[in-house]
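The structure under discussion appears below in the form of structure tokens.
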Amino acid sequence: MTSHKLVVAEKPSVAMSIAKVLGARGRKDGYLEGNGWLVSWCVGHLVALAPADAYDARYSRWSLNDLPILPAPWQFQTLPDTRKQMEILRELMRRDDVSSLVCATDAGREGELIFRLVYRECGCGKPFQRLWISSMEEGAIREGFENLRDSAQYDRLYDAALCRAKADWLVGINATRLFTALHQGGVLNVGRVLTPTLALLTEREAAVQRFQPEKFYTVELDCGGFRAVSARYASKTEAERARAACLGKPVTVREVSRTDKTERPPKLCDLTALQREANRLFGYTAQQTLNYLQSLYEKKLATYPRTDSRYFTDDMEAGVPALAAAASAVCGVDAPGEIHAALVCDSKKVSDHHALAVTGSAAEADLTALPTGERTVLQLIAARLLYAVGSPHTYEETAVTLECGGVSFAVRGRTERSSGWKDTEQAFLSSLKQKQKRQQKEPAPPLPELAEGQRLEGGDAVLKQGNTSPPARFTEDTLLSAMEHAGAEDFAKLEDIERTGLGTPATRAATIEKLVKSGFAERRDKRLIPTGKGMALAAVLPERLKSAKLTAQWEERLKDVERGNLAPADFMAGIEAMVSEMVRANRAAGGGNAALSQASRRVIGKCPRCGRDVVEGKKSFFCEAWRDTPPCGFALWKNDRFFSDKRKALTPKIAAALLKDGRVRLKNLFSEKKGVMYDATVILDDGGGKFVHYKMEFDNTKSTNRKGKGI
């Protein structure tokens with residue numbers, strides 16, 4: 001009997017790439033075979049922690065009296081949608097000719113958890129090794145298989161991953177049920193990452209609402225060739241007095257300060273940095289950018305997407321010039337004349353995966369065949385690589401203080417010494433649409449040669465009025481930054497942790513989407529604003545759940561689990577104690593929040609069938625007359641395949657537009673058939689039956705009837 005090794009990848013596309021390198025070309029049902037290898041795949045998570053009602057049927061109804069729910073022992077379940085692939089893996093692992101396995105899921109905590117849970121649920125005890133790679137190019141895969149690692153090196157990584165999953169389950173299940181029951185409304189999703197992120201939004205919104213604009217006045221002095229500005233005056237009378245004192249008076253240079261400045265090249269992109277840039281320049285949501293990047297990775301055009309590193313490893317330094325050449329071909333901008341590869345290589349700052357980069361294959365690809373979003377994201381990665389390996393941008397900054405009529409004025413100027421990496425940046429930005437180019441802030445122009453004591457001929461003085469500005473509401477760009485740096489002081493106390501801030505680069509996008517989908521926040525243009533429901537929920541949650549400090553504490557203890565300094569059981573005991581105390585304290589406080597209960601059932605619009613209010617529920621936007629006799633059966637289901645197939649969430653904003661106007665124009669709908677994004681108008685086509693129908697209208701085509709399948 002020929003012995004085989006079974007390789008288990010995380011996704012079918014990754015498995016196909018691995019199988020090609022290994023020579024496993026025989027296609028079977030759910031796997032590939034050949035050359036002594038069997039190559040199969042998970043479909044993301046095949047196994048998950050079981051829901052609460054798996055432990056006791058009474059947990060199917062949410063009751064304060066049943067809290068806290070503390071599973072012992074923990075149970076797992078195969079997810080229904082992936083049961084077939086799970087059975088295929090089970091059969092492959094049990095085959096007599098399979099002597100060992102290779103874990104080829106994504107290299108990190110989550111990937112380790114995906115494989116180990118499948119391995120465990122299949123009851124497999126055969127030895128396995130670990131594939132650890134950051135690129136899906138054939139050379140990287142081949143090198144990875146030549147250097148497979150001992151699985152025992154990652155046992156504690158799995159322990160930490162499982163601890164984190166269990167802890168998130170405990171907090172999410174108990175806190176969500178606790179506050180939903182206390183405040184009697186729609187489901188109030190609470191989580192270790194979700195809730196502090198909501199708190200960032202609500203605290204900023206509260207600051208905006210508290211803000212009271214104040215007028216201020218300045219005097220702008222014409223100095224012949226440049227203009228200087230006074231300090232702010234609260235009183236218009238004082239400002240006018242200062243202006244009058246300057247008219248026709250000479251100007252004296254009191255102080256000139258010249259400072260040489262160096263602006264080093266920016267670091268390479270990790271996922272969060274790329275998501276921020278794509279949102280700032282193109283308005284892409286974090287989830288859209290991740291989707292585009294995942295597709296590029298599977299097409300072998302970009303490296304592993306879910307990275308939190310902004311450096312390459314030291315052994316990649318020799319290959320950086322070739323990567324820069326590929327990046328130049330991708331974004332259509334010349335590489336710097338001198339490539340400073342050492343700037344972007346530091347193995348000590350790389351955890352699971354190195355920074356994002358285009359692959360060598362990208363330089364040869366037909367980029368015009370890519371969907372616009374994918375092509376744009378790939379060019380952003382390429383441009384950042386070229387910036388990062390460039391020379392520093394140097395300039396002299398001049399700060400001048402002047403005096404005229406007893407009034408002090410100030411002006412700053414900048415004289416460029418060496419454009420450095422800014423040349424590359426300007427060349428790339430110039431290739432973008434004018435809308436994006438305008439977002440670049442122009443630096444202060446150079447000043448004429450000035451010396452202390454120099455007298456200038458006085459010019460005109462103009463009174464200017466301004467208003468203080470409120471704090472800026474979050475965009476996805478700035479919210480991602482806030483999430484990344486949340487709790488910085490707490491994380492700074494920790495050593496050698498996997499990552500900082502709220503969530504991970506891979507989960508932050510999903511957190512933002514969940515806030516919107518749960519009705520806690522909404523998008524207005526590029527801004528993210530908390531809803532009344534979100535504001536009310538944040539007001540009643542305990543401070544501990546709203547603070548990033550909890551995540552910092554978890555990361556410290558999870559790192560101890562990885563190092564072997566803390567037993568997983570001890571970590572979980574601490575989480576169970578925290579959850580139990582949370583339930584006890586809040587149950588004792590009792591009482592509901594009327595504003596929260598009302599917000600949880602917010603009205604979305606009017607029912608097109610009976611005219612009653614349509615409100616938001618956990619799974620749908622439904623007519624309040626559903627209990628009438630006869631009942632009104634109108635509902636817009638959130639998980640309707642019409643929208644999910646197009647990777648579009650049926651948000652309250654979309655539902656409201658459909659109810660008000662019967663149609664809504666949507667951007668970035670996904671075509672499974674063509675693999676591209678497109679825009680279309682979705683029209684509500686309700687015939688009064690059990691399920692609502694939709695149809696789509698395109699700018700240059702006739703309407704196409706489509707039926708939404710309810711649940």
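Paired with T289 under the rule side chain to side chain contact (heavy atoms under 4.5 Å, CB included), one option of T272, L274, N279 passes, and it is L274. The ring pair (Phe, Tyr, Trp, His ring centres under 6.0 Å) with Y292 is formed by just one residue from the set Y297, Y284, F282; it is Y284.
The ring of Y678 has its center no closer than 6.0 angstrom to the ring center of F670.
Residues satisfying the side-chain contact (heavy atoms from CB on, under 4.5 Å) criterion with T651, sequence neighbours excluded, are V516, A649, K653, I654. In this structure, Y59 has no ring pair (Phe, Tyr, Trp, His ring centres under 6.0 Å) partners at least two apart in sequence or on a different chain. Applying the side-chain contact (heavy atoms from CB on, under 4.5 Å) criterion to R557, with sequence neighbours excluded, gives L566, F571. By the side-chain contact (heavy atoms from CB on, under 4.5 Å) test, A48 pairs with L79, sequence neighbours left out. Partners of E214 under the side chain to side chain donor-acceptor pair (under 3.5 Å) rule, at least two apart in sequence or in another chain, do not exist in this structure. Checked against salt bridge (Lys or Arg N to Asp or Glu O under 4.0 Å), E576 has no partners two or more places apart in sequence or in another chain. E476 meets the salt bridge (Lys or Arg N to Asp or Glu O under 4.0 Å) test with R523; sequence neighbours excluded. Contacts of D686 classified as salt bridge (Lys or Arg N to Asp or Glu O under 4.0 Å), with partners at least two apart in sequence or in another chain: R609. With sequence neighbours left out, the ring pair (Phe, Tyr, Trp, His ring centres under 6.0 Å) criterion links F474 to no other residue. Qualifying ring pair (Phe, Tyr, Trp, His ring centres under 6.0 Å) partners for F634, counting only residues two or more places apart in sequence or in other chains: none. Scanning for ring pair (Phe, Tyr, Trp, His ring centres under 6.0 Å) contacts around W74 gives W169, with sequence neighbours left out. Checked against side-chain contact (heavy atoms from CB on, under 4.5 Å), P542 has the following partners two or more places apart in sequence or in another chain: F179, L545, N586.
Under a cutoff of 6.0 Å and an axis angle of 45°, K646 and F642 form a cation-pi pair. Cation-pi contact between K638 and F621: present, with separation from the ring centre below 6.0 Å and deviation from the ring axis of at most 45°.
Going from atom CG of D661 over to atom CG of L684 covers 11.0 Å, rounded to the nearest 0.5 Å. Interatomic distance, OG of S644 versus CG of N639, reported as 7.0 Å (0.5 Å rounding).
For the pair C269 and A355, the tightest heavy-atom approach, listed with the atom from each and the gap, is O-CB, 3.6 Å. Heavy atoms only, all atoms of each residue included: V614 and K606 are closest at CG2-C, 3.9 Å.
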- Message: Test salt bridge (Lys or Arg N to Asp or Glu O under 4.0 Å) on E556 and K559; report intermediate values, then the result.
- Response: CA-CA 5 Å; E556 181 178 30; K559 202 65 187 181; over 6 Å; no
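In this model, no donor atom of one side chain and acceptor atom of the other lie less than 3.5 Å apart for D270 and T307. In summary, the side chains of S481 and T478 do not present any donor paired with an acceptor at a separation below 3.5 Å, with no hydrogens or angles considered.
Between D679 and K667, none of the side-chain N atoms (NZ, or NE/NH1/NH2) sits under 4.0 Å from a carboxylate O, so this pair counts as no salt bridge. Between R584 and E581, at least one side-chain nitrogen of the basic residue sits less than 4.0 Å from a carboxylate oxygen of the acidic one, meeting the salt-bridge criterion. Residues K695 and E697 are not paired through a salt bridge, judged by the lack of any N-O separation under 4.0 Å between the basic side chain and the carboxylate. In summary, E112 and R109 do not engage in a salt bridge, as defined by a charged side-chain N under 4.0 Å from a carboxylate O.
In this structure, D308 and T504 have side chains that are not in contact, with every pair of non-hydrogen atoms separated by 4.5 Å or more. Residues K514 and N189 are in side-chain contact: their nearest non-hydrogen atoms beyond the backbone lie under 4.5 Å apart. Q294 has its side chain within reach of R306: a pair of non-hydrogen atoms, C-beta onward, lies under 4.5 Å apart.
Between the R587 side chain and the L67 main chain, a donor and an acceptor come within less than 3.5 Å of each other.
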